[in-house]
Amino acid sequence: MKERIYYDWNPWHGCTKISPGCKYCYVYRQDEMYGSNTSSSLCRKTGNFDLPIKRKRDKSYKIPSGKIVFTCFTSDFLLEDADPWRQDCWRMIKERKDCFFYFFTKRIHRLESCLPPDWGEGYDNVIIGCTVENRDRADFRLPIFLSLPIKHRAIIAAPLLEPLDLSPYLNESIEEVAASGESGIMARPCNYDWILDIRCQCIEKNVPFCFHQTGAHFIKDGKLYNIKRQYQISQAKKAGIDFRIKDNFIPETAAFNQKENVSGQLSLWDE
């Protein structure tokens, strides 16, 4: 059995919608499905706020060394409502230099005002994904994204709502582009041609590309397919169009393929 690579850390839950990609947000859908009594737009700390530094009875960390921690996936790490709590999170991330922390954001314009005082050119163990869903948001967010001091960055084209030309923003600083359709009953269709076009852009610039999931409504060769949630990732993998992506969805250029980071402990993924 393969060793577990990914862990989830949601220090807070709930988010406000700010752009077209938020229209059918999965967090809102999940809250409704589970019958939450609190509005999904209300941000609140969770019981796992300090998960990265929690320890077991034997004093070892609950999240083992060398893991990739998906951070704040039921909110946005740069959400304004979370400003009072974020510096505590940065301190935990800094303490856990032996793990990588990966967050996506639609609020990249807020990053500079949200950084810790010792950020410098970026923490070695933080990967930031800038989410773009259409041309308007790509042209607004990506110039900001590329101008900021970030050690490890990815572009997340999801939910992909129309064709995107990302080529002006693809350079050696981008460790991955991931593209996905939209999930949920109300999902807007994703066209396979849009996915293939982004893939071609990435190949031309030699940037790793991952087709992460089809979404619920997927158009291929002019035909609309309605794909159940449990098959959306596997169907994308069956397409076989990933470029420079290794096992476990890890891009060749990713931070987690380096021999070691400043702590000298991150060699888990080396072959």
Side-chain angles (χ1 to χ4, degrees), residues 2-12 46 48-56 59-79 82-83 85-105 107-108 110-131 145-156 171-178 207-208 210 244-271:
K2 285 188 176 181
E3 185 178 0
R4 181 179 177 184
I5 297 172
Y6 300 105
Y7 279 73
D8 296 324
W9 174 38
N10 292 302
W12 48 83
T46 70
N48 278 327
F49 181 80
D50 60 346
L51 178 61
I53 59 172
K54 283 185 176 180
R55 295 180 182 266
K56 302 176 185 177
K59 305 302 181 183
S60 64
Y61 286 117
K62 287 190 174 182
I63 298 179
S65 178
K67 302 306 180 182
I68 302 166
V69 183
F70 287 135
T71 301
C72 220
F73 272 44
T74 64
S75 184
D76 189 315
F77 192 67
L78 304 182
L79 184 70
D83 285 354
W85 313 320
R86 192 176 302 101
Q87 292 302 319
D88 287 334
C89 289
W90 285 127
R91 283 190 283 272
M92 288 185 275
I93 289 170
K94 186 177 181 181
E95 177 177 331
R96 293 303 311 273
K97 290 178 180 178
D98 57 326
C99 290
F100 281 105
F101 293 82
Y102 194 172
F103 69 83
F104 301 167
T105 183
R107 293 169 169 81
I108 196 65
R110 299 202 71 240
L111 179 66
E112 197 165 21
S113 65
C114 295
L115 292 174
D118 63 350
W119 179 258
E121 293 303 309
Y123 285 176
D124 288 317
N125 65 328
V126 173
I127 306 113
I128 299 177
C130 182
T131 301
F145 187 46
L146 292 178
S147 72
L148 294 168
I150 300 169
K151 288 280 184 71
H152 308 292
R153 64 186 96 212
I155 294 173
I156 313 300
N171 58 38
E172 65 281 355
S173 75
I174 304 298
E175 295 181 354
E176 178 188 19
V177 172
V207 173
C210 176
R244 299 187 66 197
I245 301 294
K246 301 174 71 174
D247 293 340
N248 299 304
F249 305 102
I250 297 176
E252 289 180 0
T253 56
F256 10 92
N257 288 325
Q258 296 177 353
K259 291 295 180 184
E260 61 182 20
N261 80 333
V262 292
S263 69
Q265 298 176 7
L266 293 176
S267 59
L268 184 60
W269 318 126
D270 298 327
E271 295 182 342

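The basis for the numbers below is simple: all heavy atoms, side chains too, and nothing from hydrogens, waters or symmetry mates. Predicted, not measured: the structure shown is a model, and the values here were computed from it.
The only option from H152, K97, K151 that meets the side chain to side chain donor-acceptor pair (under 3.5 Å) definition with D124 turns out to be K151. The residue from Y102, W90, F101, F104 that alone fulfils the ring-ring contact (aromatic ring centres under 6.0 Å, His included) condition with F77 is W90.
When side chains are defined from C-beta on, I155 does not count as touching E176, because their heavy atoms never get closer than 4.5 Å. F100 is listed as a side-chain neighbour of I127, based on a closest heavy-atom distance under 4.5 Å. Looking at I250 and I68, their side chains come closer than 4.5 Å, going by heavy atoms from C-beta outward. Contact check for W12 versus C89: side-chain heavy atoms found under the 4.5 Å cut-off. By the 4.5 Å heavy-atom criterion applied to side chains, P149 and E112 are not counted as neighbours. Under the 4.5 Å side-chain criterion, counting only non-hydrogen atoms from C-beta, L111 is in contact with I128. In this structure, V126 and F103 have side chains that are in contact, with non-hydrogen atoms separated by less than 4.5 Å. At a threshold of 4.5 Å between non-hydrogen side-chain atoms, the residues P11 and C72 count as touching.
The distance from the CG atom of D247 to the CD1 atom of I5 is 8.0 Å, given to the nearest 0.5 Å. Here the CG atom belonging to L78 is positioned 5.0 Å from the SG atom belonging to C114, to the nearest 0.5 angstrom. Once rounded to the nearest 0.5 Å, the distance linking CD1 of I93 with SG of C99 reads 11.0 Å. With rounding to the nearest 0.5 angstrom, the NZ atom of K54 is 10.0 Å from the CE atom of M92. One finds the CG atom of D50 at 10.5 Å from the CD atom of E95 (value rounded to the nearest 0.5 Å). The NZ atom of K56 lies 9.0 Å from the NZ atom of K62; values are rounded to the nearest 0.5 Å.
With hydrogens and angles disregarded, no donor-acceptor distance shorter than 3.5 Å links the side chain of N10 to the backbone of S75. Proximity of a side-chain donor or acceptor of W9 to a complementary backbone N or O of N48 within less than 3.5 Å is detected.
Between I63 and P52, the shortest heavy-atom contact is CD1-CA, 4.2 Å. Nearest heavy-atom pair across T71 and V69 is OG1-O, 3.1 Å. Scanning all heavy atoms of the two residues, the minimum distance from P208 to R244 falls at CB-O, 3.6 Å. Nearest approach of I156 to G129, heavy atoms of both residues: CG1-CA, 4.1 Å.
Both tests hold for R153 against F145: distance to the six-membered ring centre under 6.0 Å, angle to the ring axis within 45°. No cation-pi contact links R4 to Y6, judged by a cut-off of 6.0 Å to the six-membered ring centre and 45° from its axis.
Residues meeting the side-chain hydrogen bond (donor to acceptor under 3.5 Å, both in side chains) test with D118, sequence neighbours left out: K94, Y123.
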Report the C-alpha distance between F49 and W85 in whole Å, list the side-chain angles of each, state the deciding distance to 0.1 Å, and finish with yes or no for side-chain contact (heavy atoms from CB on, under 4.5 Å). CA-CA 9 Å; F49 181 80; W85 313 320; 3.7 Å; yes

Show your reasoning for whether salt bridge (charged side-chain N to carboxylate O under 4.0 Å, His left out) applies to K67 and E3. CA-CA 10 Å; K67 302 306 180 182; E3 185 178 0; 3.0 Å; yes

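For the residue pair S173 / N171, a side-chain donor-acceptor distance below 3.5 Å is found, with atom types taken as modelled.
One finds a salt bridge joining D98 and R96 here, because a Lys/Arg side-chain nitrogen approaches an Asp/Glu carboxylate oxygen to under 4.0 Å. Residues R110 and D83 are paired through a salt bridge, judged by an N-O separation under 4.0 Å between the basic side chain and the carboxylate.
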